[in-house]
Amino acid sequence: MSVWSKPAAERVASLREQYASADVPVADLSDLELLNAAYESVLREQIDTRDRYMGLLTELRKHDDAVRKAATRALSDHAERYAHRAVNEYMRPFNAVLYRIENLPDRPGPRQVEGLRQAADRVQFQLRNAPNHPAELNDPESARQTLRAIHRVVGVLDGRQGLNGDDVLRLVKNALNDEAPTDLFAVADRGTPKPTPPTPNPPFAGPGWADLGGFWAYQPGSSGAHVKAYPVGEDWYLDLWSDGGQLLAFGSVPETEVGALAPALVARADDWARDRSEYAWRRFADTAQAARTTGPGTGIELAPAPGRAQAPSNSRLHAATATSPARPPSATAASPARASTGARPASAAAPRRSR
């Protein structure tokens with residue numbers, strides 16, 4: 001039975017037993033302080049999860065914006081070259097007349113003036129009968145709608161195989177003639193889906209790694225903790241989960257660092273599950289930096305960053321710091337209370353925003 005489904009008195013007794021088994025001093029804490037510390041631990045987990053979800057949405061939006069800007073930039077370059085060439089072609093007859101005018105003498109004779117008039121007449125005739133009239137440059141022969149129809153036909157039929165060639169040709173002709181392809185999906189249903197080639201494994205996949213469909217998980221046989229990794233853009237996001245469902249660390253690294261970082265995170269999972277006095281994102285950042293400087297391995301020992309003191313040992317001070325979700329949680333509100341909730345690991349979340 002979960003500790004949260006028990007009466008308050010039994011819940012306090014169960015919490016004290018769990019803290020005693022984890023060698024966490026709670027004898028100086030009252031029952032209310034003990035329950036408050038456990039509640040703050042659960043509340044902190046909820047805040048971290050919500051922040052990671054919002055962070056993931058932000059990262060996805062940034063990735064979408066980057067892709068959209070790159071596509072717009074490439075399209076703009078092509079459009080500028082097309083417009084430049086079209087304008088040059090349209091201005092060619094005018095440039096011929098301007099060239100003749102620029103080369104006239106100060107006092108042109110009758111023959112020169114007559115030749116200029118004839119050149120102007122020729123230019124007028126060429127512009128009147130030019131195939132690339134300005135109205136046709138933007139949408140030649142009103143082909144924009146036709147191209148959209150053909151793209152739709154090809155897009156529906158492209159993922160099917162074993163189709164009848166006559167049906168496909170008829171649908172394409174109908175699109176060219178601006179006729180609605182009413183039986184497009186009926187023709188597509190007569191074929192079978194094309195087999196999709198298997199996605200190649202990432203370079204870090206090896207012993208301990210498992211493909212869970214859309215993301216990867218690392219769990220050595222000797223540990224209940226595990227790391228979930230999934231790609232977002234060019235980087236990989238990693239979540240470290242304890243055996244009891246606690247989110248211990250999270251962050252993103254390049255693909256080349258995943259193989260060395262995952263074992264290092266799992267190696268610290270037990271210590272972090274007992275002591276929740278540090279932010280999960282900061283644990284991840286410190287471990288990633290240590291892995292870069294020490295190389296592959298699982299025995300990474302981290303020192304506290306400059307300006308950050310070790311967690312105090314006084315039990316009352318632990319309870320006081322646990323009352324604010326904006327401050328690091330105490331060891332008294334650590335893994336025993338959280339692990340008893342029976343929370344299941346999530347498959348994906350987002351990097352926590354700075355609070």
Inset, instruction - Heavy atoms only: give me the nearest Leu248-Ala280 pair and the separation to one decimal. - result: O-CB, 3.3 Å

Legend entry - Closest approach of Thr146 to Ala175 (non-hydrogen atoms, all atoms of both residues): CG2-O, 3.5 Å

Legend entry - Spatial distance of atom NZ (Lys228) from atom CG (Leu238) [nearest 0.5 Å]: 11.5 Å

Inset, instruction - Would you check if the side chain of Asn177 reaches a backbone N or O of Glu179 as a donor-acceptor pair within less than 3.5 Å? - result: no

Legend entry - Donor-acceptor pair, side chain of Thr293 and main chain of Ala290, under 3.5 angstrom: yes

For residues 209-216, dump all side-chain donor-acceptor pairs below 3.5 Å to protein atoms at least two apart in sequence or in another chain.
unit_1, atom_1, unit_2, atom_2, d
Trp209, NE1, Phe204, O, 3.4
Asp211, OD1, Gly213, N, 3.0

Legend entry - Inter-residue atom distance Phe250.CZ - Asp48.CG, 0.5 Å rounding: 5.5 Å

Legend entry - Contacts of Asp31 that satisfy side chain to side chain donor-acceptor pair (under 3.5 Å) - sequence neighbours left out: Arg16

Inset, instruction - May I ask you to decide if Ser30's main-chain N or O and Glu33's side chain share a donor-acceptor pair within less than 3.5 Å? - result: yes

Inset, instruction - Taking salt bridge (charged side-chain N to carboxylate O under 4.0 Å, His left out) as the test, write out the residues that go with Asp235, two or more places apart. - result: none

Legend entry - Partner residues of Asp65 under the salt bridge (charged side-chain N to carboxylate O under 4.0 Å, His left out) criterion, sequence neighbours left out: Arg68

Legend entry - Minimum-distance pair of heavy atoms, taken over all atoms of Leu34 and Leu15: CD2-CB, 3.9 Å

Legend entry - Side chain to side chain, Asn164 and Val168, heavy atoms closer than 4.5 Å: no

Inset, instruction - Report yes if some heavy atom in the side chain of Pro195 is under 4.5 Å from a heavy atom in the side chain of Gln161; otherwise report no. - result: yes

Inset, instruction - Using the test side-chain contact (heavy atoms from CB on, under 4.5 Å), find all partners of Val154 that sit at least two apart in sequence or belong to another chain. - result: Ile150

Inset, instruction - Grab the two heavy atoms, one from Val266 and one from Ala225, that are nearest each other, plus how far apart they are. - result: CG1-O, 4.3 Å

Inset, instruction - Determine whether Val258 and Tyr218 make a side-chain contact, defined as any pair of heavy atoms from C-beta on separated by less than 4.5 Å. - result: no

Inset, instruction - Verify the cluster assignment for Leu171 and Leu147: are they in a single hydrophobic cluster under the rule of side-chain heavy atoms below 4.5 Å apart? - result: no

Inset, instruction - Return the set of residues passing salt bridge (charged side-chain N to carboxylate O under 4.0 Å, His left out) with Glu255 (not counting sequence neighbours), or none when no residue passes. - result: none

Legend entry - With Gln219 via side chain to side chain donor-acceptor pair (under 3.5 Å) - residues at least two apart: none

Legend entry - Any residue meeting side-chain contact (heavy atoms from CB on, under 4.5 Å) with Val156, in chain and number order, not counting sequence neighbours: Leu184, Phe185, Ala188

Legend entry - Verdict with reasoning, Val253 to Phe284, per side-chain contact (heavy atoms from CB on, under 4.5 Å): CA-CA 10 Å; Val253 292; Phe284 183 93; 3.8 Å; yes

Inset, instruction - Please list, chain by chain and in numerical order, all residues satisfying side-chain contact (heavy atoms from CB on, under 4.5 Å) with Pro105, sequence neighbours excluded. - result: Pro108, Gln112

Inset, instruction - Could you tell me which non-hydrogen atom of Ala262 sits nearest to which non-hydrogen atom of Val227, and how far apart they are? - result: O-CG2, 4.0 Å

Legend entry - Worked verdict on Leu57 versus Arg61 for side-chain contact (heavy atoms from CB on, under 4.5 Å): CA-CA 6 Å; Leu57 295 181; Arg61 186 184 63 186; over 6 Å; no

Inset, instruction - First locate atom OG of Ser242, then atom NE2 of His226, and finally report the distance between them rounded to the nearest 0.5 Å. - result: 8.5 Å

Legend entry - Interatomic distance, Trp236 atom CH2 to Thr256 atom OG1 [nearest 0.5 angstrom]: 12.5 Å

Legend entry - Qualifying side-chain hydrogen bond (donor to acceptor under 3.5 Å, both in side chains) pairs, either residue in residues 180-191, two or more places apart: Asp167-Arg190, Arg170-Asp183

Inset, instruction - Taking all heavy atoms of Arg160 and all of Pro193, pick out the closest pair and write down the distance. - result: NH1-CG, 3.5 Å

Legend entry - Minimum side-chain heavy-atom gap Leu98-Asn95 below 4.5 Å: yes

Inset, instruction - Can you measure from CZ (Arg44) to CG (Asp51) and round to the nearest 0.5 angstrom? - result: 10.0 Å

Legend entry - Any donor-acceptor pair under 3.5 Å from Arg283 side chain to Ala249 backbone: no

Legend entry - Any donor-acceptor pair under 3.5 Å from Thr49 side chain to Glu45 backbone: yes

Inset, instruction - Considering only NZ, NE, NH1 and NH2 on the basic side and carboxylate oxygens on the acidic side, decide whether Glu114 and Arg117 come within less than 4.0 Å. - result: yes

Legend entry - Under the salt bridge (charged side-chain N to carboxylate O under 4.0 Å, His left out) test, residues paired with Asp270 that sit two or more places apart: none

Inset, instruction - Nearest 0.5 Å please: distance from the OG atom of Ser41 over to the CG atom of Asn36. - result: 11.0 Å

Inset, instruction - Could you tell me which residues satisfy side-chain contact (heavy atoms from CB on, under 4.5 Å) with Ala119, sequence neighbours excluded, listed by chain and number? - result: Arg100, Arg122

Inset, instruction - Establish whether Leu60 and Tyr237 are linked, either directly or via other cluster members, by ILVMFWY side-chain heavy-atom contacts under 4.5 Å. - result: yes

Inset, instruction - Return yes when atom NZ of Lys194 has more than 12 non-hydrogen atoms of other residues, nucleotides or ligands closer than 6.0 Å, and no otherwise. - result: yes

Inset, instruction - Determine whether Leu240 and Leu247 make a side-chain contact, defined as any pair of heavy atoms from C-beta on separated by less than 4.5 Å. - result: no

